[in-house]
Amino acid sequence: MRRRRPRTAATPRSGTAPTSRTAGALAALAALVLLTGCTNLEGLQDEGRARDVDAPLVLWPGSSPAPPSRNENPAALVPVPDVPRIPGGSMADANPLAVLDADVAAQGGTPPAPQTVRRPVLHDLTDDRKPDLLMAVDLGPRISELRVYSVRNTVVTRVLVVRGVLVGVELAAGHLAIREPTKDPRYVSVTDYVWDGHAMDLWNLTLDDARTPQTPQAVGGSP
């Protein structure tokens, strides 16, 4: 009687199922491809050690500036001397040039030449349903000054003064927006002021696309 030899495992042929070790390697490779966004493995590169992120180095942390004085605060309320009181509370009842000249003189300056003063604008900025007065003076080919006046308890009062390169001044939704150039000619900085019930508060600072100034559409005014 012939004895049968035990059968041995067949050697896998090309195209048959892979071994468990091979299957594990393929699964790991597939996961790597997914993590790299299906990038070709030949394109993977070592970018080196990531840069350290350092916290800002604060210089002189114990020092801070004093609060701005009244003359330095652009939104300080300053009564204008030597102009008549206005019982009705409307700046439409005031003489715009007389208000401007009295305010500048009270600060020790010389009243501006009439040709440097832009047309006065009346607009309610203090939310009392009565017009306030906006005056702009061109101090030179580039620098201008904006002054805003309101009536507070019958007294003509300056509520804002801003000097700079005024690319544009805009009124919208109770906001006074002042546009000034930046080092990048594509953008301008926009400073928004809004009346907070007590003063013209600095509301927001943003950047906006530079654009050609639009034709102003002022409300009222006195020459």
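Here the structure is a predicted model, which is why all the values come from computation and not from measurement. Start at 1 with the first residue, then count along the sequence.
- Side-chain contact between Arg147 and Val104 is present, with heavy atoms from C-beta onward closer than 4.5 Å.
- Taking every heavy atom of both residues into account, Ala199 and Ala75 meet most closely at CB-O, 3.9 Å.
- In this structure, CZ on Arg152 lies 7.5 Å from CG on Leu77, to the nearest 0.5 angstrom.
- Rounded to the nearest 0.5 Å, atoms CE (Met91) and OG1 (Thr157) are 9.0 Å apart.
- Leu97 and Leu139 fall within a single hydrophobic cluster, where Ile, Leu, Val, Met, Phe, Trp and Tyr are joined by side-chain heavy atoms under 4.5 Å apart, directly or via other members.
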What pairs of donor and acceptor atoms, side-chain ones from residues 128-135 against any protein atom, are under 3.5 angstrom apart with sequence neighbours left out?
| unit_1 | atom_1 | unit_2 | atom_2 | d |
| --- | --- | --- | --- | --- |
| Asp128 | OD1 | Thr126 | OG1 | 3.3 |
| Asp128 | OD1 | Lys130 | N | 3.0 |
| Lys130 | NZ | Gly88 | O | 2.9 |
| Asp132 | OD1 | Thr126 | OG1 | 3.4 |
| Asp132 | OD1 | Ser150 | OG | 2.8 |
| Asp132 | OD2 | Leu125 | N | 2.8 |
| Asp132 | OD2 | Thr126 | N | 3.0 |
| Asp132 | OD2 | Thr126 | OG1 | 3.1 |

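- Just one residue in the list Tyr193, Trp195, Tyr149 forms a side chain to side chain contact (heavy atoms under 4.5 Å, CB included) with Leu160, and that residue is Tyr193.
- Residue Asp127 places its CG atom among 12 or fewer non-hydrogen atoms of other residues, nucleotides or ligands, all under 6.0 Å distant.
- Residues Val83 and Ala98 share a closest heavy-atom pair of CG1-O, 4.0 Å.
- Grouping the Ile, Leu, Val, Met, Phe, Trp and Tyr side chains by contacts below 4.5 angstrom, directly or via other members, places Leu207 apart from Leu176.
- The two residues Pro81 and Pro79 come nearest to each other via the heavy atoms CD-O, 3.4 Å.
- Val165 has its side chain out of reach of Ser144: every pair of non-hydrogen atoms, C-beta onward, lies at least 4.5 Å apart.
- Using a 4.5 Å cut-off on side-chain heavy atoms (C-beta onward), Asp101 and Pro112 make contact.
- By the criterion of side-chain heavy atoms lying less than 4.5 angstrom apart, applied directly or through intervening Ile, Leu, Val, Met, Phe, Trp or Tyr residues, Val161 is not grouped with Ile143; the two fall into different hydrophobic clusters.
- Looking at heavy atoms from C-beta onward, Asp93 lies out of side-chain contact with Val151 at the 4.5 angstrom threshold.
- With Glu145 as the partner, the salt bridge (charged side-chain N to carboxylate O under 4.0 Å, His left out) test is satisfied by one option alone out of Arg163, Arg158, Arg118: Arg163.
- Take Asp184 and apply the salt bridge (Lys or Arg N to Asp or Glu O under 4.0 Å) test, not counting sequence neighbours, and it matches Arg186.
- Val190 meets the side chain to side chain contact (heavy atoms under 4.5 Å, CB included) test with Ala177, Arg179, Val188, Asp192, Thr206, Asp208; sequence neighbours excluded.
- Checking Thr116 against Asp138 by side-chain atom types alone, no donor-acceptor pair falls below 3.5 Å.
- Following chains of ILVMFWY side-chain contacts shorter than 4.5 Å, one can reach Val80 starting from Val137, so the two form part of one hydrophobic cluster.
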Thr154 vs Ile86, side-chain contact (heavy atoms from CB on, under 4.5 Å): CA-CA, chis, key distance, verdict: CA-CA 5 Å; Thr154 74; Ile86 303 179; 5.8 Å; no

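- The two residues Pro96 and Ala94 come nearest to each other via the heavy atoms CD-O, 3.3 Å.
- There is a path of hydrophobic side-chain contacts, each under 4.5 Å, that joins Met200 to Leu171.
- In this structure, Thr182 contributes its side chain and Tyr187 its backbone to a donor-acceptor pair below 3.5 Å.
- A donor-acceptor contact shorter than 3.5 Å is absent between the side chain of Asp201 and the backbone of Trp203.
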Show your reasoning for whether side-chain contact (heavy atoms from CB on, under 4.5 Å) applies to Val162 and Thr191. CA-CA 11 Å; Val162 178; Thr191 307; over 6 Å; no

